[in-house]
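These notes are about the structure you will find just below.
Computed from a predicted structure; not experimentally measured.
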Amino acid sequence: MATKLKLGPLPKTVTLKVTVPMPQALMDELERYAATHSQMYGEKVDAAALIPHMLARFMATDRGFRQRGLS
């Protein structure tokens with residue numbers, strides 16, 4: 001049995017474009033994550049498509065952010 005990823009299948013959404021500088025090592029990790037995600041869920045996805053979902057998940061599970069009522 002394969003271990004599930006924290007990020008499940010991606011929903012279809014309307015998007016805005018944002019440019020974010022990041023270290024090459026982080027981009028490499030995102031590319032590897034995208035490849036794993038594509039294999040697990042059978043739908044090709046690139047790293048840029050994962051970033052907003054990862055950020056949303058991070059913010060949704062940040063207790064300090066939630067406790068301050070900032071969401």
Side-chain angles (χ1 to χ4, degrees):
M1 177 188 247
T3 302
K4 290 187 178 183
L5 296 177
K6 201 170 221 184
L7 192 64
L10 302 181
K12 305 295 183 211
T13 60
V14 176
T15 61
L16 301 174
K17 185 173 182 170
V18 177
T19 301
V20 180
M22 69 180 68
Q24 183 64 52
L26 177 56
M27 189 63 210
D28 294 344
E29 285 288 315
L30 284 169
E31 293 289 346
R32 285 191 290 276
Y33 193 99
T36 301
H37 191 279
S38 295
Q39 287 178 333
M40 288 192 77
Y41 297 107
E43 188 173 333
K44 179 91 171 118
V45 64
D46 66 0
L50 294 175
I51 294 170
H53 302 284
M54 291 174 148
L55 288 172
R57 175 114 172 120
F58 173 83
M59 290 171 53
T61 60
D62 186 316
R63 289 185 182 135
F65 184 65
R66 294 280 171 219
Q67 287 174 351
R68 287 177 171 74
L70 301 173
S71 61

Going only through I, L, V, M, F, W and Y residues with side-chain contacts under 4.5 Å, is there a path from V45 to V18? no
All heavy atoms of K4 vs all of M40, minimum pair found to be CA-CE, 3.8 Å
First locate atom CZ of R68, then atom CZ of R63, and finally report the distance between them rounded to the nearest 0.5 Å. 14.0 Å
Applying ring pair (Phe, Tyr, Trp, His ring centres under 6.0 Å), can you list everything that pairs with H37, at least two apart in sequence or on another chain? Y41
I need the minimum non-hydrogen distance between P11 and H53, along with the two atoms involved. CD-CE1, 3.6 Å
Shared hydrophobic cluster, L26 / L5 (ILVMFWY, side-chain heavy atoms < 4.5 Å): yes
Any link between L55 and L7 through a network of hydrophobic side chains (Ile, Leu, Val, Met, Phe, Trp, Tyr) touching at under 4.5 Å? yes
Out of curiosity, does F58 fall in the hydrophobic cluster containing I51 (side-chain heavy atoms, cut-off under 4.5 Å, transitive links)? no
Which heavy atom of K12 sits nearest a heavy atom of E43, and at what distance? NZ-OE2, 3.1 Å
Nearest heavy-atom pair of A34 and A47: which atoms, and what distance? CB-N, 3.7 Å
Could you go through D28 and Q24, starting from their C-alpha distance and side-chain angles, then the distance that decides it, and tell me whether this counts as side chain to side chain contact (heavy atoms under 4.5 Å, CB included)? CA-CA 6 Å; D28 294 344; Q24 183 64 52; 2.8 Å; yes
Looking at L30 and L50, what are the two nearest heavy atoms and their distance? O-CD1, 4.5 Å
